[in-house]
Trainee: 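One structure follows; several queries about it will come next.
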2 protein chains.
Amino acid sequence: MRSTAAELEKVPSRRERVRAATIKEIKATAMGMLREHGADLRFADIAREMGMTAPALYRYFADRDQLLSALMVDGFAEMSTQLTAALEATEPDDLAGWIRAAAVSYRNFAKADPARFSLLFGLPNPGFGQHNQHTSGPAAGATMATLEQSLRAVIDKGQLAHPLIRYVGPQWATEAGTAQAADGARIPADAYQALLHFLAAVHGFACLETFDHLHWISDQARDELFEAQIELLQLTTGALPPPSDPDRP
Amino acid sequence: MRSTAAELEKVPSRRERVRAATIKEIKATAMGMLREHGADLRFADIAREMGMTAPALYRYFADRDQLLSALMVDGFAEMSTQLTAALEATEPDDLAGWIRAAAVSYRNFAKADPARFSLLFGLPNPGFGQHNQHTSGPAAGATMATLEQSLRAVIDKGQLAHPLIRYVGPQWATEAGTAQAADGARIPADAYQALLHFLAAVHGFACLETFDHLHWISDQARDELFEAQIELLQLTTGALPPPSDPDRP
DNA sequence: CGTCCTTCGTTACGAGGCTTCACGTTTGTG
DNA sequence: CACAAACGTGAAGCCTCGTAACGAAGGACG
């Protein structure tokens with residue numbers, strides 16, 4: 001920090017590289033511990049697994065909370081990456097495909113690594129303090145923004161023309177129209193409503209499943225129910241026409 | 001325990017009464033601490049607030065986990081009570097009213113006491129061990145059963161005749177038809193699917209809201225969006241007729 | 001009324017985790 | 001080679017959980 005020349009150096013020095021690698025290894029080891037032993041993460045364990053002692057970790061993370069925060073930031077970033085990858089593989093005017101891809105990606109992220117999902121979305125973390133709010137909060141917002149921007153791209157194609165319900169209250173209509181000025185674009189209120197509906201349904205399913213509140217349903221049945229959930233979301237957003245139901249008058 | 005006569009005594013002795021009161025006070029104080037200081041619950045703090053010392057609490061709860069478990073059991077019981085009360089106030093053949101009452105009650109439970117909701121549904125509690133699974137698990141299941149049985153009563157009135165989607169996979173259909181033999185009744189698979197869809201949407205909304213993932217929406221707008229969510233659930237279960245949408249072909 | 005026994009609460013204490021500190025050691029640099 | 005920065009270690013302090021031993025309160029029963 002003393003010389004401005006050092007600040008402008010773009011190529012990281014050897015020290016910086018090995019330091020970055022160590023940080024990465026610490027985080028990887030910590031995530032492994034979280035996966036195995038649950039939420040009670042012991043600094044000494046991480047260090048021992050790396051062939052070090054506990055105090056050495058404080059050269060890299062000032063605090064146990066900061067390590068958890070870093071894991072959360074990485075987790076949200078990875079989630080955004082996976083969502084983005086899944087959504088970019090869909091056709092830009094295929095709202096039904098978008099919904100399926102987003103829902104499946106969201107759920108798979110939770111299923112593939114329940115410990116990480118718990119870390120991200122199970123709020124009462126041990127020692128959850130102010131610090132986490134200020135570092136992981138924006139990261140969580142970025143994940144939300146990923147969904148939002150991607151959905152907006154689809155919506156701009158006019159694919160949300162016939163949602164099943166487009167009721168929105170006056171307060172929400174004004175907020176949705178104005179609040180997102182940061183991105184430079186306005187969002188139709190009903191589109192944003194659709195996003196929130198989608199998010200609530202998929203997030204709720206993922207939470208229930210990950211936190212073991214659906215243990216009375218077999219894995220296969222859960223898969224089928226999730227499929228039905230997806231189809232329902234496609235219907236309610238008007239991405240699919242309603243099914244021809246002979247019972248329906 | 002030595003005399004069988006004492007076991008059969010129905011009226012609790014004075015000691016038992018004061019002990020029960022103390023347990024109640026401990027739990028109340030602990031919940032207060034949870035509400036104020038978050039998840040890091042210190043035994044010494046609880047004791048001090050009660051004018052006692054920490055080891056005294058071990059006369060009433062063998063473990064910090066057992067205290068948390070007791071709080072969870074009470075929380076789920078209270079949630080069941082509130083849900084039951086809200087649902088009993090609805091007409092028995094009014095599915096739309098049932099959905100509104102259940103959703104509002106569920107969300108209000110979360111909003112009224114976010115700390116308790118976090119305790120119940122934010123899984124990664126500090127020191128979450130095997131014990132919690134075996135004590136609070138059934139309590140959580142009881143809450144689910146409350147919703148299920150109440151919904152079944154409504155469904156038995158034939159109100160779920162025209163759900164928007166009644167797709168269910170073969171695995172789920174057989175499970176839903178057979179698994180609930182414990183209650184002596186079978187449940188139509190599509191009804192159970194509707195329950196799960198309802199649960200995912202409402203639980204997801206409550207989680208997002210409680211865990212502050214919707215901080216970018218004002219309170220009023222959130223209320224409006226939740227209203228829209230309810231209406232959507234009413235539509236997808238066939239409780240309400242689809243709106244007359246001039247844009248719809 | 002006096003004695004006993006159970007329960008309750010306290011002080012004292014040990015175990016274990018987080019975090020800091022002082023000190024050597026390694027490593028890159030001029 | 002000399003120097004400085006970063007790194008890692010052992011020792012130590014602090015805090016919390018949980019246990020143990022002891023004293024006090026209070027109901028049960030002669």
Side-chain angles (χ1 to χ4, degrees), chain A residues 1-3 5-7 9 11-26 29-30 33-34 36-71 125-129 131-132, chain B residues 1-7 9 11-26 29-30 33-34 37-71 125-129 131-132:
Chain A
M1 281 296 178
R2 200 171 36 184
S3 81
E7 288 180 14
E9 260 182 294
V11 59
S13 77
R14 164 166 180 77
R15 283 206 112 113
E16 287 169 318
R17 268 184 290 129
V18 61
R19 178 179 178 84
T22 305
I23 288 178
K24 198 172 172 184
E25 185 186 350
I26 293 173
T29 310
M33 294 286 186
L34 277 185
E36 288 178 35
H37 306 330
D40 53 345
L41 190 62
R42 275 179 290 272
F43 249 46
D45 290 356
I46 303 173
R48 188 169 344 105
E49 182 137 329
M50 295 177 61
M52 303 192 345
T53 57
L57 299 183
Y58 288 84
R59 298 282 181 192
Y60 303 93
F61 294 95
D63 209 334
R64 190 173 161 284
D65 279 9
Q66 283 206 10
L67 172 56
L68 284 178
S69 272
L71 292 180
N125 276 316
F128 193 85
H131 182 260
N132 291 38
Chain B
M1 281 294 176
R2 199 173 36 186
S3 79
T4 54
E7 287 180 13
E9 260 183 292
V11 58
S13 76
R14 162 163 184 81
R15 285 205 109 114
E16 286 168 319
R17 268 184 291 130
V18 61
R19 178 178 178 85
T22 304
I23 288 178
K24 198 171 172 184
E25 185 185 352
I26 293 173
T29 309
M33 294 285 184
L34 278 185
H37 307 331
D40 53 345
L41 191 62
R42 277 179 290 273
F43 250 48
D45 291 356
I46 303 172
R48 184 166 354 100
E49 182 135 329
M50 295 177 61
M52 302 191 348
T53 56
L57 299 183
Y58 288 86
R59 299 281 182 192
Y60 302 93
F61 295 95
D63 208 336
R64 190 173 162 284
D65 279 9
Q66 283 207 9
L67 172 56
L68 284 178
S69 273
L71 292 180
N125 277 317
F128 193 85
H131 183 261
N132 292 38

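Every chain is numbered from 1, with letters handed out A, B, ... down the list of sequences. All values below come from the heavy atoms of this structure, side chains included, with hydrogens, waters and symmetry mates left out.
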Trainee: Counting any heavy atom closer than 4.0 Å, what does A/Phe61 reach on the DNA or RNA strands: base, sugar-phosphate only, or nothing?
Mentor: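 Counting heavy atoms under 4.0 Å across all strands, no contact is made by A/Phe61.
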Trainee: Quickly work out the A/Glu25 CD to D/dC7 P distance and round it to whole Å.
Mentor: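 From A/Glu25 CD to D/dC7 P: 14 Å.
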Trainee: Quickly work out the B/Asp45 CG to D/dT16 C1' distance and round it to whole Å.
Mentor: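 Taking CG of B/Asp45 and C1' of D/dT16, I get 10 Å after rounding.
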Trainee: Tell me the interatomic distance from A/Asp63, atom CG, to D/dC15, atom C1', rounded to whole angstroms.
Mentor: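 Distance, rounded to whole Å: 15 Å.
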Trainee: Applying the side chain to side chain contact (heavy atoms under 4.5 Å, CB included) criterion to B/Arg17, which one of B/Arg19, B/Arg15, B/Arg14 satisfies it?
Mentor: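 So, applying the side chain to side chain contact (heavy atoms under 4.5 Å, CB included) to B/Arg17 and each of B/Arg19, B/Arg15, B/Arg14, only B/Arg14 qualifies.
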Trainee: Find the distance B/Glu16:CD to D/dG26:P and express it as a whole number of Å.
Mentor: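 My rounded result for the distance is 18 Å.
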Trainee: How many whole angstroms separate atom CG of A/Asp65 from atom C1' of C/dG17?
Mentor: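 Going from CG in A/Asp65 over to C1' in C/dG17 covers 14 Å.
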Trainee: Students often get this wrong, so: under 4.0 angstrom with heavy atoms, is A/Leu67 touching a base, only sugar-phosphate, or nothing?
Mentor: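 Touches nothing.
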Trainee: For A/Phe43 and D/dT16, what is the distance between atoms CZ and P respectively, to the nearest whole Å?
Mentor: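 After rounding, the reported distance stands at 19 Å.
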Trainee: It should be established whether B/Arg19 places a side-chain nitrogen or oxygen under 4.0 Å from OP1 or OP2 of nucleotide C/dT7.
Mentor: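 For C/dT7, neither OP1 nor OP2 has a side-chain N or O of B/Arg19 closer than 4.0 Å.
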Trainee: Which sits closer to the 5' end of DNA chain D, B/Ser13 or B/Ala44, going by the nucleotide each is nearest to?
Mentor: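 By nearest-heavy-atom nucleotide position, the 5'-most residue is B/Ala44.
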Trainee: Under 4.0 Å, heavy atom to any atom of DNA chain C: which of residues 51-59 of chain A qualify?
Mentor: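 Heavy-atom cutoff 4.0 Å gives A/Pro55, A/Tyr58.
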Trainee: Which nucleotide wins on minimum distance to the side chain of A/Arg15, given the candidates D/dG26, D/dC17, D/dA5?
Mentor: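 Between D/dG26, D/dC17, D/dA5, the one nearest the side chain of A/Arg15 would be D/dA5.
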Trainee: If you define the side chain from C-beta out and look only at heavy atoms, does anything of B/Asp45 sit under 4.5 Å from B/Glu49?
Mentor: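 Heavy-atom side-chain distance check fails, nothing below 4.5 Å.
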Trainee: Below 4.0 angstrom from OP1 or OP2 of D/dG27, is there any side-chain N or O of B/Arg14?
Mentor: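 For D/dG27, OP1 or OP2 has a side-chain N or O of B/Arg14 closer than 4.0 Å.
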Trainee: Report yes if some heavy atom in the side chain of A/Phe43 is under 4.5 Å from a heavy atom in the side chain of A/Leu67; otherwise report no.
Mentor: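 In short, these two side chains touch, coming nearer than 4.5 Å.
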Trainee: Is any side-chain heavy atom of A/Ile23 closer than 4.5 Å to one of A/Phe61?
Mentor: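 They are in contact (side-chain heavy atoms under 4.5 Å apart), so the answer is yes.
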Trainee: Walk me through whether B/Ile46 and B/Arg42 qualify under side-chain contact (heavy atoms from CB on, under 4.5 Å).
Mentor: CA-CA 7 Å; B/Ile46 303 172; B/Arg42 277 179 290 273; over 6 Å; no
Trainee: Mind checking whether B/Thr29 and B/Glu25 have side chains closer than 4.5 Å, heavy atoms only?
Mentor: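 Yes, close enough: below the 4.5 Å cut-off.
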Trainee: OH of B/Tyr60 versus P of D/dG18: gap in Å, rounded?
Mentor: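 Nearest whole value for this atom pair: 18 Å.
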Trainee: Take the protein atom CZ of B/Arg42 and the nucleotide atom C1' of D/dC15, then report the distance between them rounded to whole Å.
Mentor: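 After rounding, the gap between these two atoms is 9 Å.
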Trainee: Distance check, rounded to the nearest 0.5 Å: A/Leu34 atom CG versus A/Leu71 atom CG?
Mentor: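 If we round to the nearest 0.5 Å, A/Leu34:CG and A/Leu71:CG are 6.5 Å apart.
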